[in-house]
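Working notes for the structure below.
Quick caveat: nothing in here was measured; it's all calculated off a predicted structure. Starting from 1, each residue takes its place in the sequence as its number.
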Amino acid sequence: MTTTRVHALAEFLDPDLTAMVRRMAYRPRPDNGSADDNPAIRAMIWQGLVGLGLTGPPPDTAGPAADGAGPAPVADSPVGGHEELAAITERLGAALYQGPLLDTVTAADLLARGGRDLPGDGGVALAVRADGAASPADPGAMTVDPTTGGIHAERRFVGFATEVDHLLVVGTTDDGPRLALVPRDHPTVTVRRHEELGQGELHHVRLAGTPAVWSADGSGWSRALATARIRQAGYLVGLARGAFDLAVAYARERQQFGQPIGRFQAIAFRLAELSVHLDAARLLTLDAARDADQGRDTRLAAARCLAAAADLARTMTTEALQVHGASGLVNDHDAHLFHRRAAIESLWLGSPTQLRAEVLPLLREQLR
């Protein structure tokens, strides 16, 4: 799908900028004597994405479409449809963008359902998981102080928490699911960065009576999670596409026995097979996005396309490393970085195992 917004993003992420985007979240270890963590690059990229209008909520639906085929998108939505957003996140995945944009779009969606706008343009990080094994479909525990209204919660895996102004905490309380928007820099918020293998940004966050800027029941979380999973699937398809392009380019230029290694059947046939899987995952994701644009229940389609895209991303980045051989294992090589990021991103909104576990009850619900 090509739209004005997708074209604008493609022009913004030109080859020179993409090379910086892929490394902008890299943090050198404190013991190597370097303090350069690319804050200027990250700030520039974020302002560019804000300028393209990519931080607004996705469209909701209101009333039947003119042709009676289903609900119609809200006319004044600040961004295009879910299909366009899937195409945008695919571009971001191919560039290996690392930042709070996808979380911010999901937060904007949840806030819009409560009649609120995003507070400024500083970005929002989602704080959902209380541990690494739980699915985002089952948010961690959250306690609301009955006297002060302060939020008590612990979230072990929050992405890019130091680059945002607010955290949107999704939690389970005695009264059911709950949402709370809290300021990230409040004294009661403790943020500790993980030293993780993905060369990105994961943080352990604790809230000890943090005042909420906005709070609401979390009844819309499952629907917002479904569309967020479609966007994440688009991102993973783009990530797989980026790794595939690296592998193809290397197979064309690397000479062995007097010819490019891409002419060897073992490599050529495997790349051809992977290209088919890549197209299949992309079409599955776009189909789920079209369902969302038509106002359908996308929980099943979202789980299905994200599981497929997550499996593909892990497989594709592993194959890209194999094509590159020893050179791909070097930290400075992009193939190595794609492989590391796939390990994190493929679990971000539910692992393939968790997603498939959610599919069975959804199928039963459809049959009933």
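Residues passing the side-chain hydrogen bond (donor to acceptor under 3.5 Å, both in side chains) test with Arg356 are Asp311, sequence neighbours excluded. Not a single side-chain hydrogen bond (donor to acceptor under 3.5 Å, both in side chains) links Asp287 to another residue, sequence neighbours left out. Considering only residues two or more places apart in sequence or on other chains, Arg364 meets the side-chain hydrogen bond (donor to acceptor under 3.5 Å, both in side chains) condition with none of them.
Using a 4.5 Å cut-off between side-chain heavy atoms of Ile, Leu, Val, Met, Phe, Trp and Tyr, with links allowed through other members, Leu52 and Ile41 fall into the same hydrophobic cluster. Hydrophobic clustering (ILVMFWY, side-chain heavy atoms < 4.5 Å, transitive): Leu102 and Ile230 are in distinct clusters. Residues Val191 and Leu202 fall into different hydrophobic clusters, defined by Ile, Leu, Val, Met, Phe, Trp and Tyr side chains chained together at heavy-atom separations under 4.5 Å. The cluster map of Ile, Leu, Val, Met, Phe, Trp and Tyr, joined by side-chain heavy atoms under 4.5 Å apart, puts Leu225 and Val158 in different clusters. Val6 and Tyr235 fall within the same hydrophobic cluster, defined by Ile, Leu, Val, Met, Phe, Trp and Tyr side-chain heavy atoms under 4.5 Å apart, directly or through other members.
Side-chain contact between Thr143 and Thr173 is absent, with no heavy atoms from C-beta onward closer than 4.5 Å. Residues Leu362 and Val359 are not in side-chain contact: their nearest non-hydrogen atoms beyond the backbone lie 4.5 Å or more apart. Annotation: side chain of Arg156 is not in contact with side chain of Arg129 (no heavy-atom distance under 4.5 Å). Contact check for Val105 versus Thr55: no side-chain heavy atoms found under the 4.5 Å cut-off. Side chains of Pro177 and Thr172 form no contact here, defined as non-hydrogen atoms less than 4.5 Å apart. Between Leu239 and Thr317 the shortest side-chain heavy-atom distance falls below 4.5 Å. Counting only heavy atoms from C-beta outward, the side chains of Thr89 and Tyr97 never approach each other to under 4.5 Å. With a 4.5 Å cut-off on side-chain heavy atoms, Pro183 and Val213 count as touching.
A donor-acceptor contact under 3.5 angstrom links the side chains of Asp217 and Ser219, judged on distance only. Side-chain N/O atoms of Glu84 and His82 include no donor and acceptor closer than 3.5 Å. Neither side chain, Ser222 nor Arg299, offers a donor N or O lying under 3.5 Å from an acceptor on the other.
Between the side chain of Ser351 and the main chain of Leu347, no donor-acceptor pair closer than 3.5 Å is present. Formation of a donor-acceptor pair under 3.5 Å by the Thr18 side chain with backbone atoms of Pro15 is not found in this model. The main-chain N or O of Glu163 is never found under 3.5 Å from a side-chain atom of Trp46 such that the two would form a donor-acceptor pair. Under the 3.5 Å distance criterion, the side-chain polar atoms of Glu201 are left unmatched by any main-chain donor or acceptor of His194. When atom types are taken as modelled, the side chain of His203 and the backbone of Val205 share no donor-acceptor pair closer than 3.5 angstrom. At distances below 3.5 Å, not a single donor-acceptor pair connects side-chain atoms of Arg263 with backbone N or O atoms of Arg252.
Closest approach of Ala161 and Ala125 over heavy atoms only: CA-CB, 4.4 Å. When all heavy atoms are compared, the tightest approach of Ala310 to Pro352 is CB-CG, 3.8 Å. What you find for Ala95 and Val21 is that their closest heavy atoms are O-CG1, 3.7 Å. Across Val128 and Pro136, no two heavy atoms sit closer than the pair CG1-O, 3.7 Å. For the residue pair Arg155 and Val169, the shortest heavy atom distance occurs at NH2-CG1, 4.0 Å. A pairwise comparison of heavy atoms in Arg178 and Met142 identifies CB-CE, 3.3 Å as the closest pair.
Interatomic distance, Thr104 OG1 to His166 NE2, rounded to the nearest 0.5 Å: 11.5 Å. Here the CZ atom belonging to Arg206 is positioned 7.0 Å from the OG1 atom belonging to Thr190, to the nearest 0.5 angstrom. Atom CG of residue Leu349 and atom CG of residue Leu355 lie 8.5 Å apart, to the nearest 0.5 angstrom. Taken to the nearest 0.5 Å, the CZ atom of Arg5 stands 5.5 Å off from the CD1 atom of Ile88. Leu96 CG to Arg340 CZ: the interatomic distance, rounded to the nearest 0.5 Å, is 12.5 Å. A distance of 12.5 Å separates CZ in Phe160 from CG in Leu126, rounded to the nearest 0.5 Å.
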Step by step, work out the side-chain contact (heavy atoms from CB on, under 4.5 Å) result for Leu49 and Leu9. CA-CA 8 Å; Leu49 296 174; Leu9 180 62; 3.9 Å; yes

The test is side-chain contact (heavy atoms from CB on, under 4.5 Å); show your working for Val276 and Glu273 and say whether it passes. CA-CA 5 Å; Val276 173; Glu273 179 187 1; 5.8 Å; no

Full working for side-chain contact (heavy atoms from CB on, under 4.5 Å) between Val124 and Leu118: CA-CA 8 Å; Val124 180; Leu118 281 173; 3.8 Å; yes

Let me see the working for Leu13 and Leu92 under side-chain contact (heavy atoms from CB on, under 4.5 Å), right down to the final yes or no. CA-CA 9 Å; Leu13 294 176; Leu92 294 172; 4.1 Å; yes

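Leu284 shares a hydrophobic cluster with no other residue; no ILVMFWY side chain has heavy atoms under 4.5 Å from its own. Applying the under-4.5 Å side-chain rule to Ile, Leu, Val, Met, Phe, Trp and Tyr, the cluster around Leu271 extends to Val237, Phe244, Val248, Tyr250, Phe257, Ile261, Phe264, Ile267, Leu274, Leu278, Leu312, Met316, Val323.
Taking the six-membered ring for Trp and the full ring otherwise, Phe157 and His204 have centroids separated by 6.0 Å or more. The distance between the ring centers of His333 and His324 falls below 6.0 angstrom.
Residue-environment remark: CG (Asp174) stays at or below the threshold of 12 foreign heavy atoms within 6.0 Å. Within a 6.0 Å radius of CD in Gln255, other residues, nucleotides and ligands contribute more than 12 heavy atoms. Few gaps surround CG on Asp145; more than 12 heavy atoms of other groups in view lie less than 6.0 Å from it.
Listed by first and then second residue, the side chain to side chain donor-acceptor pair (under 3.5 Å) pairs involving residues 224-233 are Thr106-Arg231, Arg229-Glu358, Gln232-Glu345 (not counting sequence neighbours).
Under a 4.0 Å N-O distance rule, the pair Arg184/Asp165 does not qualify as a salt bridge.
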